[in-house]
Amino acid sequence: MTSDQSDQVAGGSGQTEFRLILAAAVVSLLGTQIGFVAIPLVAVSALRASPGQVGLLATLSTVAFLLVGLPAGAWVDRLRRRPVMITADLARTVLLGSVPVAWWIGELSLLQLDVVVFLTGVGTVFFDVASQSYLPHVVGRDRLTAANAALVSADAVSDVVGRGLGGLMVQALSAPVAVGVDAASFLWSAACLWRVRRRETASPRGGPARLWQEIAQGLRFVVGQPFLRAIALSGALVNLSLQLILTLLPVLFVRDLHLPARTLGAYLGAGGIGLFLGARLAEPVGRRLGPGRTPWILGAVLGPASLAIPFVDHGPALWIAGVAWLLTMTQLGVNNVILVGFRQRITPDPLLGRMNATMRFLLFGALALGSGLAGLLGEFAGTRTALWAGAIVMSLAWLPLFLVRFTK
């Protein structure tokens, strides 16, 4: 994003703060995508994990959203969000940094990798809920679409560069070393966020009974809003399908097709290009079709492209599946900008943390379910069966938005 675009996102005193948040996001997202490629390859190549064990690893990376996601939202609404984000970054730095250290001394095990992935997921829960709740405070609600477009663009660039770089790093330096780069990226993010000076006022704290009342209030808010309910259901279907596909791609590429790690990185990087295109197209397409109509119209047009993904193989089939992956992620890039901004705009400040936590609980709970299901399908029915299940669900995930008449 250029300097002029940053000015459009956050004017006045919010401009510097948003640039620091963006700088933190760019590097940490880059590291996360390197880790996305590296961590399952640590399991597959260094620890000889089975498809079921890879599925368990992927489940542990997201199950924290089911276990602590809802309480995290209530806690974040009671606290200042920036310190929560910094603490989560530092915790993830230590956790992921333990992987290359244990590998170097010859003590790395699947158990340690499972524990690290789970606890890193807990840190991600708190960071993500706090981050999405902090952004409206920094940039203002009138600039949320532009701010989210910038952040989704950063995510997309990290997909392209990070996953491709992750594949190269694994091949050149080993998967555990690449995980160490992921750890360092969170340290950079914490340093950037430390420099943000925009302060918040923490909400009054209540006791445990009050905490559960606050959690219930957030759930009622999301379930009681027809559009939020449709966004949650559609997003859960998308995440379920994504995890069914992504969990076993390393197994299919490296073990079944005997493709090099850099090919897996390049394939996943094509999705990052699509995500970037979607983020850049979200505002103009939303203006032309209407921000409410855009998600389900694009879903109906681009959703069926995902049905080509399970045909991935050597030769032309690899390119066809790659294009299908790019189109699928383009659709998701548009949705991420438009639907996240809509959620943030209609939610009152005191409920932002709980709304985001409820959404994360549902969306990342679907990721945990998808990765676990992928492991079972991969173990007992084959890797391509999991890909087919994911592709079919993805092709239909736009229907809840259409059925609720999300047309405004």
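Please read these numbers as outputs of a predicted model, since none were measured by experiment.
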State which residues pass side chain to side chain donor-acceptor pair (under 3.5 Å) with Thr383; sequence neighbours excluded, sorted by chain then number.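 By the side chain to side chain donor-acceptor pair (under 3.5 Å) rule, Thr383 matches Asp256.
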Can you list the residues that meet the side chain to side chain donor-acceptor pair (under 3.5 Å) rule with Thr328, with sequence neighbours excluded?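 Scan of Thr328 (side chain to side chain donor-acceptor pair (under 3.5 Å), adjacent residues dropped) gives none.
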Test side-chain contact (heavy atoms from CB on, under 4.5 Å) on Leu20 and Leu193; report intermediate values, then the result. CA-CA 7 Å; Leu20 287 169; Leu193 293 171; over 6 Å; no
Under a 4.5 Å cut-off applied to non-hydrogen side-chain atoms, are [X] and [Y] in contact?
| X | Y | answer |
| --- | --- | --- |
| Ile39 | Leu96 | yes |
| Val42 | Leu108 | yes |
| Val94 | Leu90 | no |
| Val27 | Phe186 | no |
| Val222 | Ile231 | no |

Would the distance check show the side chain of [X] and the main-chain N or O of [Y] forming a donor-acceptor pair, the cut-off being under 3.5 Å?
| X | Y | value |
| --- | --- | --- |
| Thr263 | Leu259 | no |
| Ser395 | Pro304 | no |
| Ser306 | Gly303 | yes |
| Arg82 | Trp194 | yes |
| Ser234 | Ala230 | no |
| Thr93 | Leu187 | yes |
| Trp104 | Pro176 | no |

Could you tell me which residues satisfy side chain to side chain contact (heavy atoms under 4.5 Å, CB included) with [X], sequence neighbours excluded, listed by chain and number?
| X | value |
| --- | --- |
| Ala279 | Val152, Ser153, Val337 |
| Pro226 | Arg229, Val404 |
| Val181 | Ile34, Met169 |
| Ile320 | Ala308 |

May I have the step-by-step check of side-chain contact (heavy atoms from CB on, under 4.5 Å) for Phe221 and Met355, ending in yes or no? CA-CA 7 Å; Phe221 179 75; Met355 180 278 292; 4.2 Å; yes
Could you list the donor-acceptor pairs under 3.5 angstrom formed by side chains in residues 236-247, with sequence neighbours left out?
{"residue": "Asn239", "atom": "ND2", "partner": "Leu363", "partner atom": "O", "Å": "2.9"}
{"residue": "Ser241", "atom": "OG", "partner": "Leu237", "partner atom": "O", "Å": "3.2"}
{"residue": "Ser241", "atom": "OG", "partner": "Val238", "partner atom": "O", "Å": "2.7"}
{"residue": "Thr247", "atom": "OG1", "partner": "Gln243", "partner atom": "O", "Å": "2.7"}

Considering only residues two or more places apart or on different chains, which pairs with a residue in residues 310-319 satisfy salt bridge (charged side-chain N to carboxylate O under 4.0 Å, His left out)?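 Counting only pairs at least two positions apart or across chains, the salt bridge (charged side-chain N to carboxylate O under 4.0 Å, His left out) contacts touching residues 310-319 are Asp313-Arg384.
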Name all pairs fulfilling the salt bridge (charged side-chain N to carboxylate O under 4.0 Å, His left out) condition that reach into residues 168-188, sequence neighbours left out, sorted by first residue then second.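 Output for this query is empty, none listed.
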Could you note down all residue pairs passing side-chain hydrogen bond (donor to acceptor under 3.5 Å, both in side chains) where residues 106-131 supplies at least one of them, sequence neighbours left out?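 Every pair satisfying side-chain hydrogen bond (donor to acceptor under 3.5 Å, both in side chains) with a residue in residues 106-131: Arg92-Thr124, Ser98-Gln112, Asp128-Arg360.
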Does the pair Leu387 and Leu249 meet the rule for a side-chain contact (heavy atoms from CB on, under 4.5 Å), with working shown? CA-CA 8 Å; Leu387 264 63; Leu249 274 183; 4.2 Å; yes
Applying ring-ring contact (aromatic ring centres under 6.0 Å, His included), name anything that partners Phe253, two or more places apart in sequence or on another chain.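 If we apply the ring-ring contact (aromatic ring centres under 6.0 Å, His included) test to Phe253, skipping adjacent residues, the hits are Tyr267.
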Apply ring-ring contact (aromatic ring centres under 6.0 Å, His included) to Trp103 and list each qualifying residue two or more places apart in sequence or on a separate chain.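 If we apply the ring-ring contact (aromatic ring centres under 6.0 Å, His included) test to Trp103, skipping adjacent residues, there are no hits.
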Please report the C-alpha distance between Asn336 and Leu275 in whole Å, then the side-chain angles of each, then the deciding distance to 0.1 Å, and finally whether the side-chain contact (heavy atoms from CB on, under 4.5 Å) criterion is met. CA-CA 9 Å; Asn336 284 349; Leu275 195 64; 3.9 Å; yes
